[in-house]
Amino acid sequence: MQISSVQTFNNTYFKSNDIKQRRYLEKRGYIDKKVETLEDLSTAAFFGALLTGAMNVDLSKKLKTMEKVSIGLMTLACILIGTKWIKQYQLSKEYDKENA
């Protein structure tokens, strides 16, 4: 009798976890699809900043044009990442409201 009840509990528990896992993956896929462009742009801006020398900029001197571009790209990358995080949060709340 006890073995049967334990087995039923385990099956119910794992089925419930499966459903939660599937819902999470659907939500994650929905959000990732919506913010894919922001992620690509922020990655491109970050790599552009690295390639133009953002790590070697001396802010105590007068900046050259390429150094200004490099700092601008790094700033843009940070802004885009912040925007992406905010958008993900908003989409998460929206998804929960629609599918609750």
Side-chain angles (χ1 to χ4, degrees):
M1 193 77 158
Q2 275 186 329
I3 294 173
S4 166
S5 66
V6 169
Q7 187 176 16
T8 304
F9 170 76
N10 282 338
N11 287 341
T12 306
Y13 177 76
F14 289 125
K15 285 179 184 175
S16 143
N17 264 355
D18 245 5
I19 293 170
K20 287 179 185 177
Q21 179 78 15
R22 189 168 8 105
R23 285 183 186 159
Y24 170 77
L25 291 175
E26 287 173 357
K27 180 179 176 180
R28 188 82 242 149
Y30 171 77
I31 293 171
D32 284 345
K33 190 172 94 175
K34 295 284 187 174
V35 296
E36 186 176 0
T37 306
L38 285 172
E39 187 170 354
D40 293 342
L41 288 174
S42 66
T43 303
F46 179 73
F47 283 132
L50 289 179
L51 290 174
T52 56
M55 302 301 288
N56 301 324
V57 173
D58 185 10
L59 297 175
S60 63
K61 297 179 184 178
K62 185 174 179 176
L63 297 176
K64 297 177 185 175
T65 304
M66 190 53 75
E67 292 173 334
K68 290 178 184 178
V69 168
S70 180
I71 291 173
L73 285 171
M74 187 58 80
T75 305
L76 179 64
C78 292
I79 290 171
L80 287 170
I81 287 173
T83 304
K84 180 186 124 187
W85 289 340
I86 292 169
K87 187 70 173 175
Q88 283 177 327
Y89 180 76
Q90 290 172 342
L91 287 169
S92 175
K93 293 297 179 186
E94 181 183 304
Y95 187 88
D96 288 340
K97 188 184 289 185
E98 289 176 0
N99 296 319

CD1 on Ile86 to CD1 on Ile81, rounded to 0.5 Å: 12.5 Å

Minimum heavy-atom distance Ala49-Ser70, with the two atoms named: O-OG, 3.3 Å

Lys62 NZ to Lys68 NZ distance, which is reported to the nearest 0.5 Å: 6.5 Å

Any side-chain heavy-atom pair of Lys27 and Tyr30 under 4.5 Å: no

Any side-chain heavy-atom pair of Gln88 and Arg28 under 4.5 Å: yes

CZ-CG distance between Arg23 and Asp96, expressed to the nearest 0.5 angstrom: 11.0 Å

Spacing of Met74 atom CE and Ile71 atom CD1 [to the nearest 0.5 Å]: 9.5 Å

Tyr95, OH atom: more than 12 neighbouring heavy atoms under 6.0 Å: yes

Nearest-0.5 Å distance, CD of residue Glu26 to CD of residue Gln21: 11.0 Å

Lys87 vs Gln90 side-chain heavy atoms within contact, under 4.5 Å: yes

Verify same cluster id: Phe47, Met55 (apolar side-chain graph, 4.5 Å): yes

Value rounded to 0.5 Å, distance of CG in Asp40 from CD in Glu36: 5.5 Å

Other cluster members, Leu80 - Ile/Leu/Val/Met/Phe/Trp/Tyr, side-chain contacts below 4.5 Å: Leu38, Leu41, Leu76

Shortest non-hydrogen contact from Ser42 toward Ala77: O-CB, 3.8 Å

